[in-house]
Structure formats: structure tokens, C-alpha cells
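Atom set for the values below is all heavy atoms of this structure, side chains included, hydrogens, waters and symmetry mates excluded. A note on names: the letters A, B, ... follow the listed sequences, proteins ahead of strands, and every chain is numbered from 1.
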Amino acid sequence: MNYVPKDIEAKWQKFWAENKSFEPSEDFSKTKKYILSMFPFPSGRLHMGHVRNYTLSDTFARYYRQQGFNVLHPIGFDSFGMPAENAAIKNGSHPKTWTYDNIDYMKKEFASLGFSFSKERELATSDELYTKFEQGFIIDMYEKGLLYRKKGMLNWCPHDLTVLANEQVVDGCCWRCDTPIVKKDMNQYYFKITQYGDELLDDLKKLEGGWPKQVLTMQENWIGKSNGLAFDLFFDEESKAKLNSTFENFDVFTTRPDTIYGVSYTALAPEHPIVSYMIENTLLSDDVVSQVKEMKNSSSIDRQKEKSGVALGLNVLHPLTGKSVPVWIANFVLMDYGSGAVMAVPAHDDRDFDFAKKYDLPIHAVIKPLEGELDLTKAYTDAGIMFNSSSFDGLNSKEAQSKVIDYFESEKIGQKTTNYKLKDWGVSRQRYWGAPIPFVHCDDCGLVMEKKENLPIALPHDIEITGEGNPLEKHPTWKHCKCPECGKDAIRETDTMDTFVESSWYFLRFCASPANWENEAFSAEQIKYWMGVDHYIGGIEHAILHLLYARFFTKVFRDLGYIAFDEPFEKLLTQGMVLKDGAKMSKSKGNTVDPDAIIEKYGADTARLFILFAAPPTQELEWNDSAVEGAFRFLKRFSDRSSYVNKSNKFPVIDHASLSKEEKHARKKVYEALKRAQDVYNERYTFNTMIAGVMEAMNALNEQTNRDVWSEGYWILTSVMEPIVPHLCWELSHTLFGGKNLAPQQVLDEVFEVDALVLGVSVNGKNRATIEVGVNVSEEEIISIAKASVEKWIEGKEIVKSIVIPGKLVNLVIKG
RNA sequence: GCGGAUGUGGUGAAAUGGUAGACACGCCAGACUUAGGAUCUGGUGCCGCAAGGUGUAGGAGUUCAAGUCUCCUCAUCCGCACCA
């Protein structure tokens, strides 16, 4: 058969489209698999990373379909977001037009790659229907107290002119445009993700085994739970007077209560309310004020370069000794962690030590190593024996931590406290191309929810996008509305939601039956059947952002009563990047390979085969043009050799005993490939080795000429390869076997029965010879044959031990 | 600094404690040509004419047997990072 991928691929793509071959069944009595790949942003064209992602999920989906499962393999587009607006600014297109044109193009690309997505469940998150349901959920969350509005210091990107979540600030810069972010005081909406901090952390345990360890660790670190002691430090009388008695004390948090007797100063963040008060009431010298301002204004990167600070001229009393402790401002104290104030123990904390050295503050050591002397030239941060610590002297510092906390609690001067690095998720954005936040500002009623029957609050089409300010804010009429409560004139919220809100629940939406698509987001019954996602496949770059938010939404939806499980994604496969010349493919580096060009030249099957063959999915994949050629040549050969196959709709019956050695070997290789495939889908996901197995089987088939063996080989191999190279395999399978072989295949044990075994013979673990022995040969005989084969190495030596590993090798242990 | 991972031919990689380098790319040699995107045959870790030696970042250990398990060192990549 002459292999012309273009013809074959067009033929089967048409067939699949016309026959709706990939729609999941609504029969919930069947066993299901939900295979999901992270949906794309419609940037315009697919890149190789997409091709890898969707080839992986498609391979899973096709495999499980072949195995008789009811498979949901949906696709959508994460279609709100800044690039649409940036394109509008750049070339005057409307964000909606730009977005949906891109979606149309990318859908064609998906089809040309033969991806078996459900078409009836396709969605774009910018669809008004999606917005409608999302706004409904937002209202539910507000009613539950999980969404709130407050004024706060926010990450502001001066380039994109919008607020960013903490998760979207990378190295102090905007995750999209790399502009250094600045802090801005604004009214914003927040999701109370911190309320779920403990559960998000604890439930990571449920994901062990199913999720990559790396992702679990990253989430754990991001949540950043730490236990310790919180207590108040009280000002002395003089300091109180200085502060006009406005403040009596401030709160500090420590994870090292065992070092409490080593406190020699305390430090406040430059943004601390006490500092602000002192500046406002001119209680600080101009010099100090300018130093504080400098600390506040320097970017987070600059702030990390060198520690700096200034004394406030205030003192607090040590909670246990009553001694006077000076209060400083220090640039390394963060306002948004703990209480924005710390107790400093320079003897046992690196930062406190550096700061104390710089400003010549006292250093009181209170913990010494279990062995050896205390080195006073640096901070001793390990556990040890406490001293100079009153009644705690002599205790192991690690064990004493809870004792110190108990003491503070019994004296009612402090309490055990848990702190998190995780912050509430700021979700409002001052942009046009997002889902409007469904609230109204009323002079009389305050912040009012929109009524659910008025949803969706859709975006206006007639806007002007200039790149400055929020287009919704500037729209002449859109924001003017009536208060849903009192009916008076009111102003609609012009902020839109972070696009990560849409991707936090899209996997639930896919469970909705097309029959009720318009009426409900999803039903409990549908969710119960389809969730959780059996295989979720996507890039590691979403390890924190999307995967944490999606987990959070799942827990919230559970508490709202919509669903009844805790975690959305059972198995997560994070694919490696696609590289060219050792670097990530990117337009700026000019090292991209256009998927369309590869399909045009070799066909989709070759692209899919290469991508799965070149490396295991979790590893980086180096693009290699000649290896792509190699993949193409294999498919060509696979197609050509099908001429040795007898066309039949029945599985060939073969008398194994009558076969030649080569024929038996070929059968064995075919069934090894089948076994390996089953292993790969269930456990290992190493499609590269599975393909290698098929190639080995092909090489073995080629060593013999028995048409029945060829026929059986193709019956099995086209079935095994169908998930990877679907077009060619459907063509072969339907031409040769009437499509009957695209079904579960049985491993025939008879082909693994052999009359002779090839064993390696090693002497002291070193391989020396190979012997062939009959299956029924006794261990003693094997050893004697083995000895004869390695005469040269054992001559004159004493054999102290002989080990026979059945079917594998013989190891002779010699002495002398 | 903390955490996670990785380290095997010229290259991508394989090896579930049991014959290291499967499978493929590349390269070398040959065959066949109706000169094709060819195809087919053989070879290809390193040193050596060979016998043989040697080899999985380096070092130690466990084991009859280690790329694989344990410990240490080094290198690279990724994530977090003044988190009190």
C-alpha cells in the first residue's frame, strides 16, 4: 500500500466527524474514564507544546475507548484574558472577534491532528452562557462569605495597568510582561482561599501516588504552614507617652519560642501601623522618615539585597524578664506575613544576626550545641541545650518549644498560632476582556449582588480599547443600572474577574449533558458519574496557580452542596517542555517548529508518533528533524508491509508448535508489545518504550514469511498503535480486518512457551558466556553446562557458590 | 539558604536488583536501482590486530549480583526564597 498520509487522514477525519465517533454515552451504567488535558488559551495557532499535550490525552482517550470504557475527552478554550486586549490595542481588532477567530482556526488544527475530542461539549470561557453560570457561583460564594471586598495593598502592574494575584508575581515582576510590580492601595475583591489552607495542605496526602511529587511539594511550600507562638510586646511608660497612648503593644509571631530569652531587639515592618502613625504625627525626625520612605519605595528585589533599618526610639518590655528591648524598623520584616513585627534573636537567627552586627545591637546566646562549643561569629540556628533561660535551662530546645508555648498560655500572655504564606486570592482586574463581577454599588444599600435571574451580566460590545484605564469604566452607559435591592440608580461594578476563575471549574462544566447544556451548569448526577478526572495532563507551569485554584473551587463547590468529593484530579501527568537546539521553543528565539507545516509534510500520525517516541512524557523533548523523518519512514514501512497480511474479519488461528524458530520469535515479540502496552497505560506512561516494542515486533515479523503470523501480528499491532497513529491504523484495520481488531486483545500464553532458554553465565557477577538449555533441564545440569562454557575463567579455581536465576542467568562465585 | 529532580554511547533514550546501551537518530561499508522523502543488507560505547580489558558524574557501602538500594561528594535543571 502506498502511504499517502494526506488522503488517509482526511478520509478518517471526515468519517469521525460525520459519525460523531467520540461523543461520550449518556448511559451511566457503563464504566467511565474522564481524560482531560489542560485547555488552551486561544492565542492563534497551536504550538508543539499543545501538540504534545493533546497527543498524550488523545492516546489515553483512544486506548480506553478501545478497551470499552465510556470516555469523556472534552476540549474548550480559556478565552478571556489580556492578550485579546493587547491585540486590540496593537491592531485595532475587537477582543471578541480576535478570540473567536483564533478559536475557529485552532479547532481546525485539532481536527487535522485527529484528536478525538467530544464536539458537543466544546466551550469557550468567554461564552455568555459560561459567564452566566460562573456569575451565579460567584454570588453563591459571596453569600457564603467566601468572597469579600476590602481595601488593601496590591500588586499593580504599571504596564498592563491591572492588579495581580500574589501567584502571578514572579521574581517581583508581572508574570505576563515582566514589568516590575509596584504596591498600590486599592479596593479589591478577594476569595477566602486561606479559609481552606489547612484542607488544601492536608488533602495533598490524598494525591500522593497520583500526582508528581514535585507538584505536591510546590503546593505545600506555597501554602507554607508554620506553627509557633504569638504574643504581645508592651511598650514601657515612656514609649507609651511618646505614642500619645494610642498604642500599648504590638503582636509578634515566632516559630522559635525556645529562643525567647535571647531576644535583644524587636523590629517592625516599614509599613506597620505604628510606623505610619508616628510619621503622620511627626513623631520621627525627618531623617528617619526619609529612611522609612526609601525602604517602602524600594522594589521587593532591592529590599532583599541588603538589610537596613532604623531605631524608633521606643522600647518594649520582655514578656518574661521584664527587661527593656529596643524597637527598630527593619526592611526585612514583611507586613503581609504574621503581624508585620518580629522578636529578634540574633544569636539564633541568621537575619537577626546580620542586622545586629550591622547596627551593633546586643547578641544574647541562649542555646548551645549538644556537642562542641558555641561559635559566636555566626548565628547558631540548630537545636541544642537551653541556657540563660531561667527555669528552661538544660532542656533540649526542640522539646522545649511546646513547654514555652504552654507557659505563655498558662500565664495568658501568648498563644499557640499557625501562620500561612498563602494569602487570600485577589480576583478583580481592571480590564475589559473578562467576566464582569456581578455586583452593583448603591448609595443607599452599599455593595449589592445582582439577582440571579438577571445573569449573565454580559460585556458590552461597543467599547474603545486604548490601553489606558478600564474600558468598562469609560463606557458611556454600561455601568449605569438600577439597584437590585431598592431600584434606585446605581453603578455597576466595572472590574472583571481574573481568568483563573474560569479555569477553576471548567472540568465540572464538561460533565454537563448536552441535553441540559443551556439550562444548568451541570447536574449532581452527571458530576457523580464523570468526576474525578482520571487522567489530567498539562504543563508543570500550572503546578501552583491553576491546580491550587481548581482544588480550592472543588472544595468550595462541595461546601455549597453542588458536588460530593474533595479533590478533582486523581492522576496528574505533567509533561516536559518541547525544546529545539536545547532551548524552549519560542518566537523570540526563532526556534519554533510549526505543527501545521509538519502535518503538511508528513501527516498528523508522524507528528504524533515522533512526539511520543522521542522521550517519556514527563521529560523534556528535543525536536529532531531527522528523527521525525525516521518516524515517517516507520509508518511507511508499517503501511507497506501490510501487503503480507491476509484480509479477514477473523482472528487467524495458528498452530504454534508447528512454527519455525523465527516465526515463534515473531509471535513472541508481537505479544510482548501488547503486554508492554497494557503496562504503559496502567502504570508507566512511557509510550516511547511501547513504540519501541512495536518496532521490535515489526523487525521480528520481517525475519519470517508466514502470512498467518503476519496477519496475527497486524491484528494485534494496529490495535496497539491505534491510540498513537489513529488514521493509519483505522485505514489498515478497516482494509484488512473490517475494523474488528480495534477492541481489547488477549495475550496468548502459548507464544511465551519455549523449548530452549538462553542463559547468561557470569563468574563473580561478570558476564562471560551465553548458554542454551532445554526447559526441563535440572539446576545441576544447568550449572554443569554453565561451568563448561566458562572453563577458561574457572580453571584451577574453587567454586564456592552457584546461583541459578531461572530463565535469566547463572552466576558462579569463585575463590582464589 | 530550603525543597524537588536529574546525571548512561556522537544524539534522543532503554534496562521493574539478574547478560548495560533495547528501540531510534546519526555515522561507516555494501547491494540495488525505473535517482526515491528511496529501499534493502551488514557494522557502530571506549581501548585493542586479537585474546581480552574497560565502561552508567566521582567515592565508599550492602549483595552471589548494583545504572538500579544506602551514605558522602560534585555538576546541572526546576521551584520557593529575608515567611520570623
Side-chain angles (χ1 to χ4, degrees), chain A residues 3 170-171 212-222 224-226 228-230 252-256 259 266-267 269 300 303-307 330-334 336-345 349-352 354-355 381 419-422 540-541 543-544 576-577 601-602 610 613-616 618-634 636-637 640 679 683-684 686 688-699 702 758-770 792 800-814:
Chain A
Y3 181 46
V170 179
D171 293 332
K213 210 172 169 179
Q214 187 193 5
V215 175
L216 296 175
T217 310
M218 282 164 77
Q219 293 221 346
E220 192 183 322
N221 292 342
W222 189 265
K225 181 179 182 172
S226 51
L229 169 70
V252 295
F253 172 73
T254 179
T255 53
R256 292 293 305 274
T259 64
T266 72
S300 59
R303 245 170 106 158
Q304 285 182 39
K305 278 184 189 148
E306 203 192 337
K307 293 187 175 45
N331 68 342
F332 68 85
V333 181
L334 309 172
D336 55 6
Y337 182 75
S339 57
V342 297
M343 67 173 217
V345 186
D349 181 279
D350 291 321
R351 295 156 302 169
D352 298 349
D354 293 347
F355 194 81
T381 55
N419 259 313
Y420 298 89
K421 289 187 210 172
L422 182 69
I540 187 80
E541 66 271 20
I544 298 173
M577 286 189 304
K601 195 168 174 192
Y602 300 106
F610 167 75
F613 183 55
T618 53
Q619 273 180 44
E620 287 175 343
L621 181 144
E622 174 72 31
W623 190 266
N624 179 330
D625 288 324
S626 44
V628 176
E629 289 267 1
F632 177 76
R633 284 203 300 268
F634 173 75
K636 195 163 145 52
R637 230 170 14 246
D640 289 347
D679 197 28
E683 295 282 341
R684 287 148 52 81
T686 46
N688 53 329
T689 63
M690 180 182 135
I691 295 163
V694 172
M695 288 174 171
E696 282 178 56
M698 275 297 286
N699 292 343
N702 217 31
V758 177
L759 303 181
V761 181
S762 45
V763 179
N764 284 355
K766 270 215 175 311
N767 183 39
R768 293 302 183 188
T770 309
K792 192 170 160 185
V800 289
K801 203 169 183 183
S802 305
I803 292 141
V804 178
I805 307 298
K808 297 233 163 120
L809 58 72
V810 182
N811 190 19
L812 303 173
V813 184
I814 59 169

Engineer: Base, sugar-phosphate alone, or nothing: which one does A:Y602 contact when heavy atoms must sit under 4.0 Å apart?
Structural biologist: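 A:Y602: base contact, heavy atoms under 4.0 Å.
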Engineer: OP1 or OP2 of B:rA84 sitting under 4.0 Å from any side-chain N/O of A:S226?
Structural biologist: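 True: A:S226 side-chain N/O within range (under 4.0 Å) of B:rA84 OP1/OP2.
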Engineer: Is A:V761 touching bases, backbone alone, or none of the nucleic acid, heavy atoms closer than 4.0 Å?
Structural biologist: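 Contact class for A:V761: none.
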Engineer: By the 4.0 Å heavy-atom rule, please label A:P212 as base, sugar-phosphate, or nothing.
Structural biologist: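 It contacts nothing in the nucleic acid.
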Engineer: State whether a side-chain donor-acceptor pair under 3.5 Å links A:S762 with A:N764.
Structural biologist: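 There is no such pair between these side chains.
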Engineer: Hey, is the side chain of A:Q619 poking within less than 4.0 Å of OP1 or OP2 on B:rU6, counting only N and O atoms?
Structural biologist: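 Checking A:Q619 against B:rU6: no side-chain N or O falls below 4.0 Å of OP1 or OP2.
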Engineer: Considering only side-chain heavy atoms of A:K636, which listed nucleotide, B:rC23, B:rA15, B:rA38, is closest?
Structural biologist: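 From the listed options, B:rA38 comes nearest.
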Engineer: When all nucleic acid strands are considered with a 4.0 Å heavy-atom cut-off, which category describes A:E620: base, sugar-phosphate, or nothing?
Structural biologist: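 Counting heavy atoms under 4.0 Å across all strands, the contact made by A:E620 is with sugar-phosphate only.
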Engineer: Under 3.5 Å, is there any donor-acceptor pair linking the side chain of A:N811 to the base of B:rC64?
Structural biologist: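 A donor-acceptor contact between them is present.
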Engineer: Just name whichever nucleotide pairs with B:rC83, Watson-Crick or G-U, keeping both distances under 3.5 Å, else none.
Structural biologist: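 Paired with no nucleotide.
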Engineer: Going by purine N1 to pyrimidine N3 plus the second Watson-Crick contact, or the G-U wobble pair, all under 3.5 Å, which nucleotide sits opposite B:rU56?
Structural biologist: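 Looking at the geometry, B:rU56 pairs with no nucleotide.
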Engineer: Looking for any heavy atom pair under 4.0 Å, which part of the strands does A:F613 touch: base, sugar-phosphate only, or nothing?
Structural biologist: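 Here A:F613 touches the bases of the nucleic acid.
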Engineer: Report which part of the nucleic acid A:T686 touches: base, sugar-phosphate, or nothing (heavy-atom distance under 4.0 Å, all strands).
Structural biologist: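 The answer is nothing, as A:T686 stays clear of every strand by at least 4.0 Å.
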Engineer: Nearest whole angstrom, please: distance from the P of B:rU39 to the CG of A:N702.
Structural biologist: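 Taking atom P of B:rU39 as the reference, CG of A:N702 is at 13 Å.
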Engineer: Taking the minimum atom-to-atom distance to the side chain of A:W222, which one of B:rG18, B:rC80, B:rG4 wins?
Structural biologist: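 That would be B:rC80.
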Engineer: Paired with B:rU41 by Watson-Crick or G-U wobble geometry, both distances under 3.5 Å: which nucleotide is it?
Structural biologist: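 Its partner is B:rA29 (Watson-Crick or G-U wobble, both distances under 3.5 Å).
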Engineer: If B:rG18 has a Watson-Crick or G-U wobble mate with both distances under 3.5 Å, name it; if not, just say none.
Structural biologist: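 B:rC64 is the nucleotide pairing with B:rG18.
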Engineer: Base, sugar-phosphate, or nothing for A:V800, non-hydrogen atoms under 4.0 angstrom?
Structural biologist: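 Nothing, no nucleic acid heavy atom in range.
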Engineer: Taking 4.0 Å as the cut-off, does a side-chain nitrogen or oxygen of A:N624 come that near to OP1 or OP2 on B:rA13?
Structural biologist: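 Negative; the distance criterion is not met.
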Engineer: Once the angle between the rings of A:F632 and A:Y602 is folded into 0 to 90°, is it parallel (under 30°), tilted (30 to 60°) or perpendicular (over 60°)?
Structural biologist: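 Taking A:Y602 first and then A:F632, their aromatic rings sit tilted (interplane angle of 30° to 60°).
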Engineer: Quick one: look up who B:rU34 pairs with, Watson-Crick or G-U, both distances under 3.5 Å, and put none if it's unpaired.
Structural biologist: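 Pairing partner, where one exists within any strand: none, as none qualifies.
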Engineer: Quick one: are A:D349 and A:R256 in side-chain contact, heavy atoms under 4.5 Å?
Structural biologist: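 The answer is no; the side chains never approach within 4.5 Å.
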Engineer: Contact class for A:D336 vs. all strands (heavy atom < 4.0 Å): base, sugar-phosphate, or nothing?
Structural biologist: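 Nothing: the residue A:D336, judged by heavy atoms under 4.0 Å, touches no strand.
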Engineer: At under 4.0 Å between heavy atoms, what does A:G630 touch on the DNA or RNA strands: base, sugar-phosphate, or nothing?
Structural biologist: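 Touches sugar-phosphate only.
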Engineer: Could you tell me how far apart A:N767 (CG) and B:rG52 (P) are, to the nearest whole angstrom?
Structural biologist: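 Those two atoms, CG and P, are 12 Å apart.
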Engineer: Can you identify which nucleotide, out of B:rG3, B:rU19, B:rC64, has its nearest atom closest to the A:V758 side chain?
Structural biologist: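 When the side chain of A:V758 is considered, B:rU19 is the closest of B:rG3, B:rU19, B:rC64.
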Engineer: Please determine, for the side chain of A:T217, which listed nucleotide (B:rG37, B:rG4, B:rA15) has the closest atom?
Structural biologist: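 Shortest atom-to-atom distance from the side chain points to B:rG4.
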Engineer: Looking at B:rU76, which nucleotide sits across from it as a Watson-Crick or G-U wobble partner, both distances under 3.5 angstrom, or is there none?
Structural biologist: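 Result: B:rA5.
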Engineer: Mind telling me whether B:rG42 is syn or anti, cutoff 90° either side of 0?
Structural biologist: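 Here B:rG42 takes the anti form, which means its glycosidic angle is more than 90° from 0.
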Engineer: I need the A:M218 CE to A:K213 NZ distance, nearest 0.5 Å.
Structural biologist: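 One finds 15.0 Å between CE of A:M218 and NZ of A:K213.
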Engineer: Considering every strand and a 4.0 Å limit on heavy-atom distances, what is the contact class for A:K213: base, sugar-phosphate, or nothing?
Structural biologist: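 Result for A:K213 = sugar-phosphate.
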Engineer: For B:rA13, what is the paired nucleotide under Watson-Crick or G-U wobble rules, both distances under 3.5 Å?
Structural biologist: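 No nucleotide pairs with B:rA13.
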Engineer: Looking at every heavy atom in both A:K307 and A:N331, which two are closest together, and how far apart are they?
Structural biologist: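 Smallest interatomic distance, heavy atoms only, reads CA-OD1, 3.4 Å.
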Engineer: State whether A:R633 places a side-chain N or O below 4.0 Å from either non-bridging phosphate oxygen (OP1 or OP2) of B:rC25.
Structural biologist: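 True: A:R633 side-chain N/O within range (under 4.0 Å) of B:rC25 OP1/OP2.
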